[in-house]
Amino acid sequence: MENRIGAKNEFFTVVLCCLLGAVAAAQTPAERLSDATKWQSQEPSEPDAGTWSPLILTSADEIRVPPPPANLDVKTIEELAVVRSAVRNPSAQQRSITCKWSFTNQGAVWRHLADELVLHSGMGAPSMLRVYAALHIAMADANLAAWNNQNYYLRPRPSQMDPSIRPLVPEPQNSAYPSDRAAAAGAAERMLSYFFPRFEDRVSALADESVSAQVQGGLNLQSDVDVGRELGREVAERVIAVIEQDGRPNQLAFGRDIPWEQPLAEETVRLGVRFTPTAGEYDNDIRWRAPEPKVGVVYGDALPWNQALPVDPSAGQWKPLFLTRSTVNELAAVPPPPANNSAETKRDMEEIITAVNNRTCYTDFIVFKHGVDQPGHWVVQVLDTLTERHVWSAPRTERATAMLFTAMYDALLGTWYDKYHFMRPRPAHLEPTLPTVILTPKHPSYPAGHGTFTAAGVSVLRAFFPEDESEYGGLVEEVNNARVWGGIHFRNDMTAGNEIGDRVAGAVLSAIHLDGTPGENPYMSVTKSLSDDSGGPYYNPFYQRK
């Protein structure tokens, strides 16, 4: 009897479970929703990011976005239906685009576009680094602003609202509204459109792809990405308001490097003729001079190319991003370069001549590796590799990238101040027929810009990843050799630049902390005047010419 009763109870239990399951299945997604449903996560990737000290914004909660639609709102129900339909039968392209924009380091995707645009524009190194630093500062602060709003509203992800939605990639471990990835895209979109208005349509198309991937991949509702994108644009406007006060001219004519110093260099090298110095003594009165157009030569292919202009001659006057002008000048204080007829200059010239007379495939590879790259290219590649290896979160990765470019940029402004103060001639000024491996840059020789920003970048990497020295430890020596072997710098130029880069990077690392805590000198904010620090007198012969 007891066995029959137990069997009946088990039978009715199974039937009851089936009926409850059928009722649940018959419910629409709207009936399963509740306005009380909040985002939940077991292990948020960066739980304190919303409270970090921003780089430009006064605080992470400076911009409070409107509240999201309620879970039972008609708009939410409609947006859920769009997501549900998108992930039901995803195409191969849809999966591919979703994966592309699901990497932690989205800044790398935007930087690849920036690489192409800065090269197309013909910008000088200071102007290039200004673009990269401002781009990543805007993206970093947009991330913090988004995370702060996410923690405030705690809107659930689509899959938490409707369990039938299965995202195409693993969901981020933070709440949905506003989308931090869309905020980063909006910030990048506004910054690059500001710097390169001719390519605004192309930039916006990339932003469209980024935010669409979040919806089509089942990670966000449309309202999440729309508000996030607008938040990013608003943060970018704050950054633009700051950099527009840095003293850089709005219009600069850029020029492509041409062999104005040594027109027969390539033929000399190809014929295998060993170069011998033509001057026994170098005149101490020789100073760096701007390129002079040659008669009968057509320079460039279209405006605004102007080959007779030096590179960013006023950059030594621009205001740095996170240090004062006077602080950078102090950190960039280096001894005057050796005289042209000094034993040190002659020794350095002998090293250059030996290098160009004994070129190998290896030396040429190193020269060209550091001769046609965007400033900081190889340093930031190491950063991308290490942040991925150590599985850094999006806010930490973007903040680190902004700090890296800021250190390189502020350091280079100090070097540019010294360049146009000392006006040291290039090796090809002292030996006009010197067969350099690459073209001589159109700015003074001392200190070296490549030596400066590479040393600054390596100092930042060492602070972030002290145990990964093998990844970046040889970069400074390599770039020093590259510029000397190429015949465009004296050894002393490189070491002076290394010293400036190391000093300024240390100051920037004190001003900005990777962990989001306030630094010792949080210089920039949208409420702080930037006109109270002129940096003192500046020697610039190009503004004194008539």
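Values in this document were obtained by computation on a predicted structure and should not be read as measured data.
Ring pair Y420/W416 is tilted by interplanar angle, where 30° to 60° counts as tilted. A parallel orientation is assigned to the rings of F405 and H136, their planes being inclined by less than 30° (bins at 30° and 60°).
A donor and an acceptor atom, one from each side chain of N498 and N480, are located under 3.5 Å apart. Defined by atom type and a distance below 3.5 Å, a donor-acceptor pair is present between the side-chain atoms of Q381 and H377. For the residue pair D493 / S445, a side-chain donor-acceptor distance below 3.5 Å is found, with atom types taken as modelled. No side-chain N or O of T345 forms a donor-acceptor pair with one of N340 less than 3.5 Å apart.
The backbone N or O of D384 sits less than 3.5 Å from a side-chain atom of T387, completing a donor-acceptor pair. The backbone N or O of L57 sits less than 3.5 Å from a side-chain atom of D141, completing a donor-acceptor pair. Judged by distance alone, with hydrogens and angles left aside, the side-chain atoms of K319 form no donor-acceptor pair with the main-chain N or O of T324 at under 3.5 Å. With S210 contributing its side chain and L206 its backbone, the two residues share no donor-acceptor pair below 3.5 Å. Checked by atom type and distance alone, the side chain of S314 never pairs as donor or acceptor with a backbone atom of Q317 at under 3.5 Å. Proximity of a side-chain donor or acceptor of H450 to a complementary backbone N or O of H370 within less than 3.5 Å is detected. The main-chain N or O of G124 is never found under 3.5 Å from a side-chain atom of S127 such that the two would form a donor-acceptor pair. When atom types are taken as modelled, the side chain of Q245 and the backbone of A241 share a donor-acceptor pair closer than 3.5 angstrom. Proximity of a side-chain donor or acceptor of Q106 to a complementary backbone N or O of W101 within less than 3.5 Å is detected. Looking only at distances, no side-chain donor or acceptor of R248 sits under 3.5 Å from a matching main-chain atom of W318.
Considering N341, D283, I286 as possible partners of L430, the one that fulfils the side chain to side chain contact (heavy atoms under 4.5 Å, CB included) test is I286. Of the candidates D312, D410, D246, R130 forms a salt bridge (Lys or Arg N to Asp or Glu O under 4.0 Å) with just one, namely D246.
Between D468 and R389 a salt bridge is recorded (basic side-chain N to carboxylate O distance below 4.0 Å).
More than 12 heavy atoms of other residues, nucleotides or ligands lie within 6.0 Å of CD in E469, so this atom counts as buried by the packing criterion. When the shell of 6.0 Å around CD of E344 is examined, it contains more than 12 heavy atoms from other residues, nucleotides or ligands.
Closest approach of A402 to L55, counting heavy atoms only: CB-CD1, 3.6 Å.
Here L113 contributes atom CG and E189 contributes atom CD; the two are 11.5 Å apart, rounded to the nearest 0.5 Å. Atom CG of L509 is separated from atom CG of L404 by 9.5 Å, given to the nearest 0.5 angstrom. In this structure, E478 CD and N481 CG are separated by 8.0 Å, a value rounded to the nearest 0.5 Å.
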Yes or no on salt bridge (charged side-chain N to carboxylate O under 4.0 Å, His left out) for D208 and R229, after CA distance, side-chain angles and deciding distance?
CA-CA 10 Å; D208 290 342; R229 187 175 185 175; 2.7 Å; yes
Do F196 and H120 pass the ring-ring contact (aromatic ring centres under 6.0 Å, His included) test, and can you show the C-alpha distance, the side-chain angles, and the key distance before you say yes or no?
CA-CA 10 Å; F196 309 103; H120 180 86; 9.1 Å; no
